[in-house]
Amino acid sequence: MPADWPTTEAEALAVQQRLRGLVEPSGPGPAPDALIAGVDVAYDDDRDVVVAAAVLLSLSTLAVVEETTATGRISFPYVPGLLAFRELPTVLDALADLRHTPDLVVCDGYGLAHPRRLGLASHLGVLTGLRTLGVAKTPFTFVFDQPGPERGATAPLLDPETGEQVGAALRTREGTKPVFVSVGHRIGLAESVATTLNLTAGYRQPETTRRADSLCRRALAAAVS
DNA sequence: GCGACAG
DNA sequence: ATCTTGTCGC
């Protein structure tokens, strides 16, 4: 974990305030043959163990190129709006162990769709300089109209306080609930949506997230047994 | 004051 | 996130 990692909510809020202006909310999508990393985290709060996984996929084939895992101690409680402080220390360790540098990192959660516009995907992007985007499973505090039933349909994800568009509800699969895509860092929303769609094959969630999720669960089970 | 609230 | 069986559907 970074040496100066916050331990209180007040410190965490101050960090968000400092980093929020560094997010670059536009940029190109990845090249057709890019290497895309998916990251996810699993916890055992009772044993104070957290395991992060990073899985690198080829965007063109969705084949796994590389996988890493990192284990740590729980650094922060779950507080809505401060999830990055709980997840990122171990995620940073897992990413650092990859032999290739990802062209894009896909996070399980939000980027700009965040009360202070610094969800974990944007936070990770600012800390590493990597291109990032977030794909979340629930709309958090935001509002949206149902996108059309067909794969690829989108609808704006809006901040009910300001009316500002913070992301998109995206139907990745017919007959299932949409996912919620938002910009992380150095990529635009249209590019984030298109890339998420390209990473989705037969399931609601992108393959990056599915692979990272199953890997960190398996690694956690192995770590505590 | 109370509830809701990414994972 | 996590606790958890069977079950409906492709």
Checklist entry - Start at the 5' end of DNA chain C and walk down; is the nucleotide closest to A:K137 or to A:R173 reached first? => result A:K137
Checklist entry - C:dT2, B:dG7, B:dC5: which one has an atom nearest the side-chain heavy atoms of A:R217? => result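 For A:R217, the side-chain atoms sit closest to C:dT2.
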Checklist entry - Of the nucleotides C:dT2, B:dG7, B:dA6, which has the atom closest to the A:A42 side chain? => result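 Ranking C:dT2, B:dG7, B:dA6 by closest atom to the A:A42 side chain puts C:dT2 first.
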Next on the checklist: Using a 4.0 Å heavy-atom cut-off, does A:G81 contact any base of the nucleic acid, only the sugar-phosphate backbone, or nothing at all?
Outcome noted: base
Next on the checklist: Mind checking if A:I74 touches a base, just sugar-phosphate, or nothing, with heavy atoms under 4.0 Å?
Outcome noted: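 Nothing, no nucleic acid heavy atom in range.
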Just how far, in rounded Å, is [atom2] of [N] from [atom1] of [X]?
| X | N | atom1 | atom2 | value |
| --- | --- | --- | --- | --- |
| A:E87 | C:dT2 | CD | P | 10 Å |
| A:L82 | B:dA6 | CG | P | 13 Å |
| A:L220 | B:dG7 | CG | P | 18 Å |
| A:R86 | B:dA6 | CZ | C1' | 12 Å |
| A:D159 | B:dA4 | CG | C1' | 14 Å |
| A:R116 | B:dA6 | CZ | P | 13 Å |
| A:D44 | C:dC3 | CG | P | 8 Å |
| A:H114 | B:dA4 | NE2 | P | 20 Å |

Checklist entry - Is A:Y78 stacked on the base of C:dA1, with ring centres under 5.5 Å apart and planes under 30° apart? => result no
Next on the checklist: B:dA6, OP1 or OP2 - any side-chain N/O from A:T138 closer than 4.0 Å?
Outcome noted: yes
Item to check | Any donor-acceptor pair under 3.5 Å from A:R211 side chain to A:T208 backbone | outcome: no
Item to check | Under 3.5 Å donor-acceptor, A:H185 side chain and A:G129 backbone | outcome: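 Side chain of A:H185 to backbone of A:G129: no pair is present.
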Checklist entry - Do A:V183 and A:L127 sit in the same hydrophobic cluster, where Ile, Leu, Val, Met, Phe, Trp and Tyr count as joined when their side-chain heavy atoms come under 4.5 Å apart? => result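 Same cluster.
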Next on the checklist: side-chain contact (heavy atoms from CB on, under 4.5 Å) for A:R116 and A:L82? Distances and angles first, verdict last.
Outcome noted: CA-CA 10 Å; A:R116 294 167 294 280; A:L82 300 179; 3.8 Å; yes
Next on the checklist: Below 30° counts as parallel, above 60° as perpendicular, anything between as tilted: where do the rings of A:F144 and A:F180 land?
Outcome noted: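 Because their plane-to-plane angle is over 60°, the rings of A:F144 and A:F180 count as perpendicular.
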